[in-house]
2 protein chains.
Amino acid sequence: MLQLASLAALGCALPAKSHPDTRVDSREFLAPRTVIFREGFDAVPQLRLTDGCVALSRSLSDGRRQIIDIVGPGRLIGLVFGEHNRTTAETLTYCQIEPARELGLAEFRGAVNEMVLRVESHAILLGRKTAPERVASAILDLADQFARPRAKRKGTTTFNLYLTRGEMADWLGLTVETVSRCFQRFRRAGLVGFTDPQIVTLLQPTVLQAIAAGRRQFDNSNNL
Amino acid sequence: MLQLASLAALGCALPAKSHPDTRVDSREFLAPRTVIFREGFDAVPQLRLTDGCVALSRSLSDGRRQIIDIVGPGRLIGLVFGEHNRTTAETLTYCQIEPARELGLAEFRGAVNEMVLRVESHAILLGRKTAPERVASAILDLADQFARPRAKRKGTTTFNLYLTRGEMADWLGLTVETVSRCFQRFRRAGLVGFTDPQIVTLLQPTVLQAIAAGRRQFDNSNNL
DNA sequence: CGTACGATTGAGCGTAGTCAATAGCTGTGG
DNA sequence: CCACAGCTATTGACTACGCTCAATCGTACG
């Protein structure tokens with residue numbers, strides 16, 4: 001029960017009752033690994049993710065998959081400008097979503113800007129960063145999206161890494177094994193801590209930031 | 001003079017007079033390798049590329065560069081939704097640009113959709129495709145954007161590959177050498193033809209499409 | 001209790017990167 | 001006119017990062 005206890009401690013998006021069909025607050029909870037909409041299908045109305053974690057992905061015909069973005073609470077999914085969904089959206093946790101109310105122009109521009117900015121940053125990551133740089137970037141991004149503000153204010157940030165190693169791999173353009181090895185290297189170097197593979201603590205965020213940004217002097221130091 | 005003759009034959013964006021400061025049609029021609037706007041600087045008004053080829057890129061602090069998109073005639077550059085430019089825009093040829101007139105909603109949505117679609121497709125390419133798959137995808141994309149319609153209607157498509165091997169590498173997340181090797185493999189396999197490295201003819205577009213899409217059976221066949 | 005799945009770890013391999021040399025072309029200046 | 005520098009492309013030899021394959025462990029679940 002470590003898993004569940006940890007989830008609760010971190011404020012994971014678990015429903016009051018654990019049955020996935022439970023409705024809370026007259027809103028629907030979606031179970032983990034539920035497809036919200038699928039790439040290529042008719043566009044779905046804009047949604048706002050109230051709680052949980054969603055992966056947006058695209059696949060090649062032979063099954064190779066690339067997760068384009070990981071979306072945390074508050075952000076929009078299904079920003080579609082054409083007739084069809086560009087990506088598949090899949091929940092990674094219990095999720096609460098609601099139809100996005102009409103957006104003001106400024107808010108809309110902000111949401112579009114954030115989305116494009118993130119995809120473009122991810123393109124640099126995929127095209128030009130090494131495996132440890134990618135994993136460090138990912139850990140920091142997820143901490144930023146999913147660590148509770150209260151936890152962040154204290155010295156050490158701990159958060160739930162909703163993604164499996166396989167999903168991290170599909171996000172970062174790596175394999176499961178490489179992601180796992182990078183995590184272990186970071187742990188041995190004292191940069192992050194975890195007992196359960198999903199519950200991660202940032203121990204040296206500054207060093208992680210340096211690695212994520214590609215400042216190479218940190219690669220060989222810190223007994224990596 | 002092969003270079004210049006070929007450029008002219010393909011309708012490259014050369015000014016009537018070769019001096020870069022020449023003005024034609026009361027519009028400005030920008031010389032190749034001119035920076036139009038720079039990443040992080042104050043946002044520039046929307047521009048339409050009338051003629052030529054522009055690269056949008058971002059860089060890491062140590063100089064590693066990722067070209068996010070290659071823009072051909074008719075498309076917009078400087079679709080900015082925030083206060084600062086997300087990317088650097090640099091001409092790769094003589095270019096003609098003009099302020100984009102006010103866009104209708106439908107047109108705007110279309111432009112945004114195309115932009116996001118392209119970046120997301122590029123993310124799959126960077127994260128999940130092999131080097132030959134990337135190069136094949138790039139060749140087809142550039143043929144689509146830069147081959148003249150007249151040339152396309154005939155059996156064989158020939159076009160000017162405005163990018164150097166180095167720029168291809170920065171676009172595809174590879175190195176100069178790997179790009180060059182892929183081009184040579186494709187040439188030996190009879191998929192593309194070129195004497196000048198910039199002037200490329202598609203000889204077996206169907207096979208290139210299959211490789212670009214990642215249908216693996218084509219990798220070992222066709223004496224690659 | 002058995003099956004399934006995720007994570008980890010090791011051994012070996014292969015794709016793409018690094019380093020280096022060369023050729024070809026362009027533009028410059030003596 | 002030629003020598004030279006600078007740049008792009010190509011090619012070869014070697015390296016190494018990350019992938020593949022395989023085995024093991026722990027936990028969840030029916």
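Convention: sequence-line order gives letters A, B, ...; per-chain numbering from 1.
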Give B:Glu177 one of three labels, base, sugar-phosphate or nothing, depending on what nucleic acid heavy atoms sit under 4.0 Å from its own.
base

Could you tell me the separation between the NZ atom of A:Lys129 and the P atom of D:dC17, rounded to a whole number of Å?
18 Å

Between B:Arg181 and B:Gln184: side-chain donor-acceptor atoms closer than 3.5 Å
no

CZ of B:Arg165 versus C1' of C:dG24: gap in Å, rounded?
14 Å

Looking at B:Arg86 and B:Glu39, is there a salt bridge between them, counting it only when a charged N and a carboxylate O are closer than 4.0 Å?
no

Between D:dT11 atom P and B:Arg187 atom CZ, what is the distance in whole Å?
7 Å

Residue closer to the 5' end of DNA chain D, B:Leu163 versus A:Thr178 (nearest nucleotide)
B:Leu163

Mark yes or no: B:Arg165 above the aromatic ring of B:Phe194, with NZ or CZ under 6.0 Å from the six-membered ring centre and no more than 45 degrees from the axis.
yes

Whole-Å distance, B:Arg185 CZ to C:dA16 P, equals 8 Å

Where the side chain of A:Gln198 is defined as all heavy atoms beyond and including C-beta, which of C:dG17, D:dC19, C:dA7 is the nearest nucleotide?
C:dA7

B:Leu125 CG to C:dA16 P, in whole Å, measures 12 Å

Between B:Trp171 and B:His122, what is the shortest heavy-atom contact and its length?
O-NE2, 2.7 Å

Would you say the side-chain atoms of A:Thr93 pair up with the backbone N or O of A:Gly52, donor to acceptor, closer than 3.5 Å?
no

Specify the separation, in whole Å, of atom CG of B:Asp196 and atom C1' of D:dT8.
11 Å

Closest to side chain of B:Gln184, choosing from D:dT11, D:dC19, C:dA16:
D:dT11

Quick check on DNA chain C: between A:Pro197 and A:Arg181, whose nearest nucleotide comes earlier from the 5' end?
A:Pro197

Send over the distance from A:Leu174 CG to C:dT15 C1', rounded to a whole Å.
15 Å

Side-chain atoms of B:Thr175 come closest, of C:dA7, D:dC19, C:dT18, to C:dT18

Could you tell me the separation between the CG atom of B:Asp170 and the P atom of D:dA9, rounded to a whole number of Å?
12 Å

